[in-house]
Amino acid sequence: TKEFSGLLRERIAIERPVNLRNAMGLQQAGWEPVCRALASVTLDQVGAEAEGQALSAMPRYKVLIRWREGILIDQRVQWRGRTLAIRHLLDDPRRRDRILLRCEEVRA
């Protein structure tokens, strides 16, 4: 396969959801690091607007990284101060060196 390392110019962090205990011992949702990686991040489309729905939809991105284990749909990507929820994974067996994440920006 064609080398794609020249495309990987962005630094990202991938996080997974975890349950944490607060000071009172109650469980609350949190996030912990899975990995840091170099990636190619490109604008995919603008959320539901591209499907003819609401105009206030969040942007969607394609995030290309080197293949690694442990990347799942319930995780998120931190990139340039933005939080991107992983909505779809494309792990093409013909291109075992990479994973394409289709993400949607989320705001807290």
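What's counted below: heavy atoms across the whole structure, side chains too, no hydrogens, waters or symmetry copies.
Checked options Leu72, Val77, Ile73; the residue passing with Gln75 is Leu72 (criterion: side chain to side chain contact (heavy atoms under 4.5 Å, CB included)). Only one option out of Glu104, Arg87, Arg102, Glu105 pairs with Arg60 in a side chain to side chain contact (heavy atoms under 4.5 Å, CB included); it is Glu104.
Heavy atoms only, all atoms of each residue included: Ser40 and Leu8 are closest at N-CD2, 3.6 Å.
Here CD of Glu10 is found 10.0 Å from OG1 of Thr42. Values are rounded to the nearest 0.5 Å. Atom CD1 in Ile12 sits 6.5 Å away from atom SG in Cys35 (nearest 0.5 Å). Atoms CG and CG, on Asn19 and Leu26 in that order, are 12.0 Å from each other to the nearest 0.5 Å.
Side-chain contact check for Val18 versus Trp31: every heavy-atom pair is 4.5 Å or farther apart. No side-chain heavy atom of Cys103 sits under 4.5 Å from any side-chain heavy atom of Val41. Taking the side chain as every heavy atom from C-beta outward, Leu89 and Leu101 approach each other to under 4.5 Å. At least one side-chain heavy atom of Trp67 sits under 4.5 Å from a side-chain heavy atom of Ile99. Looking at heavy atoms from C-beta onward, Trp79 lies out of side-chain contact with Val63 at the 4.5 angstrom threshold. A 4.5 Å side-chain heavy-atom check between Leu100 and Lys62 finds at least one atom pair inside the cut-off.
Both Leu43 and Leu84 sit in one connected hydrophobic cluster of ILVMFWY residues. Membership requires side-chain heavy atoms under 4.5 Å apart, directly or through other members.
For the pair Asp91 and Arg98, the salt-bridge criterion is not met [side-chain N within less than 4.0 Å of a carboxylate O].
The salt bridge (charged side-chain N to carboxylate O under 4.0 Å, His left out) analysis of residues 11-29, with sequence neighbours excluded, yields the pairs Glu15-Arg76, Arg16-Glu32.
Side-chain N/O atoms of Gln78 and Thr83 include a donor and acceptor closer than 3.5 Å.
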